[in-house]
Enquirer: 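The structure that follows is given in the form of structure tokens.
Computation of the quantities below employed the complete heavy-atom set of this structure, encompassing side-chain atoms and omitting hydrogens, waters and symmetry-equivalent molecules. A, B, ... follow the sequence lines: proteins, then strands. Residue 1 opens every chain.
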Protein chains: 2
Amino acid sequence: MTAKYKEIALQLKTRILNGSYSSTNALPEQMILAKEFSTSRMTIQKALDILRKEGIIFSRQGSGTYIKQNVNLLAKLDTMSDEYVGLTKSTAGKGVITSEIIDFDIRFPNELEQKNLLITAHEPVYEIRRLRFLNKQPLLLEYTIMPNSCIPGITESVLYHSIYSYIEEELKLVIGAATRHIRADKSNHYDQKYLDCSVSDPILEVEQVVYLDSGIPFEYSKTRHRFDRGDIIVVNLNSKKSE
Amino acid sequence: MTAKYKEIALQLKTRILNGSYSSTNALPEQMILAKEFSTSRMTIQKALDILRKEGIIFSRQGSGTYIKQNVNLLAKLDTMSDEYVGLTKSTAGKGVITSEIIDFDIRFPNELEQKNLLITAHEPVYEIRRLRFLNKQPLLLEYTIMPNSCIPGITESVLYHSIYSYIEEELKLVIGAATRHIRADKSNHYDQKYLDCSVSDPILEVEQVVYLDSGIPFEYSKTRHRFDRGDIIVVNLNSKKSE
DNA sequence: TAGTGGTCTAGACCACGGT
DNA sequence: CCGTGGTCTAGACCACTAA
């Protein structure tokens, strides 16, 4: 059974997206909602908190709770803010992703890798290079470092599919935060060879550290994208409720 | 006076970053914290919610509340996820930002601008081109469209400083969500002229729509960055508490 | 000044983890 | 099984907005 406040949030969200409230742009007051759902005001507030965090409503003390004017847009984009984790998931429906393994090794980490993954020089890491295709066209080059202790049992068959679904479904780990550095760069001979691009083509590089839910970093990687096959989309919901 | 739960969150955060709790990696139970701060458990939970949203703790039902292992790193990065809004703010302390106005006009919007800013063809927009310098070195070219109705009263003196501080401090508006598309591109003759880069230099382009707290879009812009002066940093805290 | 959302309380029961 | 966090209640007072 799901929590009551989540159920209420879902129902309210549905109504908002349906347009059931849009005539006035304001939601009923919390006491009225509490009576309608035969619950307490605190529970209604927890439900509204979810919608606030999702960016589809906002409240003004002393005034009321209102629907944001671009709900439909945000509702669409909302799904995208998490999509970024894992290429296989993010391109679902847009085409077929395939992978070619260029290199797959295990070795000791260098200093940069130790620093980013918070490990010592004695903890072995996987070193993975993959070329990934979208509809058989080269899309990006991936260079991934993962600590063996954290993500054990990677095999070539895992690499041909999706590392992320292996982590979530097989290892039952929950993926948490990530920090990414995004930059443009000139192409090098590796890019030219594998991504089939010319010397003058720029490259979009993403360098990232990804953490598990517990805060343990499990991936340090660089991906180099062909500049002409897809942007990176970043959504910033900016709900500063906590400050 | 600030809310009690925010005060408690701040105190707990300070202790966590101090290392006061790190010996065990677990926080005291909610009842004990409630007694210590002479408050109710609900209030403690609201405080913990903040720290969860900030990504520095996580809880397991039936077990306890734990500190994430890379708190210091995340605490540092945390400030950066919002930094992205407004260049003047984001580079504070890293150098001096100056601006040169290349173009400043008012006109009717084209179709793309109408679609992104959710306005009609009859609502005038500002068209602003600025070249921005970091420590007198050209950093990026900015091409900004803002609806006049939404952000009135822009003048050249505003443009020489910061549009965002004008919006927040003069107009008293609150900036909310943003969606960004990030890509690499070849430099064009504009880039080469203003950013003083060569034909073979790549460009990092960011195309974004920025919304007010109320959900009204107020900026559609493209910025073209020199590839060798600073990455874009994106932090994804991924706290799926609401799902 | 009336009515709204924001905060807070002191209890209660449930779901889950570890024993 | 016990102890933890997760949810929920039925009130209360305060802060703010708008008339």
Enquirer: For B:F108, check ring-ring contact (aromatic ring centres under 6.0 Å, His included) against everything at least two apart and list the hits.
Expert: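 With sequence neighbours excluded, B:F108 shows a ring-ring contact (aromatic ring centres under 6.0 Å, His included) to no residue whatsoever.
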Enquirer: What is the distance, rounded to the nearest whole Å, between atom CG of B:L27 and atom C1' of D:dG3?
Expert: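 Value for this atom pair: 17 Å.
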Enquirer: Got a sec, which residues hit salt bridge (Lys or Arg N to Asp or Glu O under 4.0 Å) with A:R130, two or more places apart in sequence or on another chain?
Expert: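 With neighbours one apart ignored, the set is A:E142.
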Enquirer: Where do N or O atoms of nucleotides 16-19 of chain C meet protein N or O atoms at under 3.5 Å, pair by pair?
Expert:
residue: C:dC16; atom: O4'; partner: B:Q61; partner atom: OE1; Å: 3.4
residue: C:dG17; atom: O4'; partner: B:G62; partner atom: O; Å: 3.4

Enquirer: Between B:K46 and C:dT7, does any side-chain N or O lie under 4.0 Å from OP1 or OP2?
Expert: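 Yes.
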Enquirer: Residues in ring-ring contact (aromatic ring centres under 6.0 Å, His included) with B:F37, at least two apart?
Expert: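 Not a single residue meets the ring-ring contact (aromatic ring centres under 6.0 Å, His included) criterion with B:F37.
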Enquirer: For nucleotides 9-13 of chain D, tabulate all protein N/O to nucleotide N/O atom pairs closer than 3.5 Å, reporting atom names and distance.
Expert:
residue: D:dT9; atom: OP1; partner: A:K4; partner atom: NZ; Å: 2.9
residue: D:dT9; atom: OP1; partner: A:T39; partner atom: OG1; Å: 3.1
residue: D:dT9; atom: OP2; partner: A:T39; partner atom: OG1; Å: 2.2
residue: D:dT9; atom: OP2; partner: A:S40; partner atom: N; Å: 3.0
residue: D:dT9; atom: OP2; partner: A:S40; partner atom: OG; Å: 3.1
residue: D:dT9; atom: OP2; partner: A:T43; partner atom: OG1; Å: 2.6
residue: D:dA12; atom: N6; partner: A:R41; partner atom: NH1; Å: 3.4

Enquirer: B:R15: what forms a salt bridge (Lys or Arg N to Asp or Glu O under 4.0 Å) with it, not counting sequence neighbours?
Expert: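 Applying salt bridge (Lys or Arg N to Asp or Glu O under 4.0 Å) to B:R15 gives B:E36.
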Enquirer: Less than 4.5 Å apart, side chain to side chain, heavy atoms only: is that true for B:I106 and B:I154?
Expert: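 No, their side chains stay 4.5 Å or more apart.
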Enquirer: Heavy-atom count check: over 12 atoms from other residues, nucleotides or ligands less than 6.0 Å from A:R107 CZ?
Expert: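 Correct, the count exceeds 12.
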Enquirer: May I ask you to verify if any side-chain N or O of A:T65 is less than 4.0 angstrom from the OP1 or OP2 atom of C:dG5?
Expert: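 It does, given that an N or O in the side chain of A:T65 lies less than 4.0 Å from OP1 or OP2 of C:dG5.
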Enquirer: What is the separation between atom CG on B:L48 and atom P on D:dT4, rounded to the nearest whole Å?
Expert: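 B:L48 atom CG is separated from D:dT4 atom P by 14 Å.
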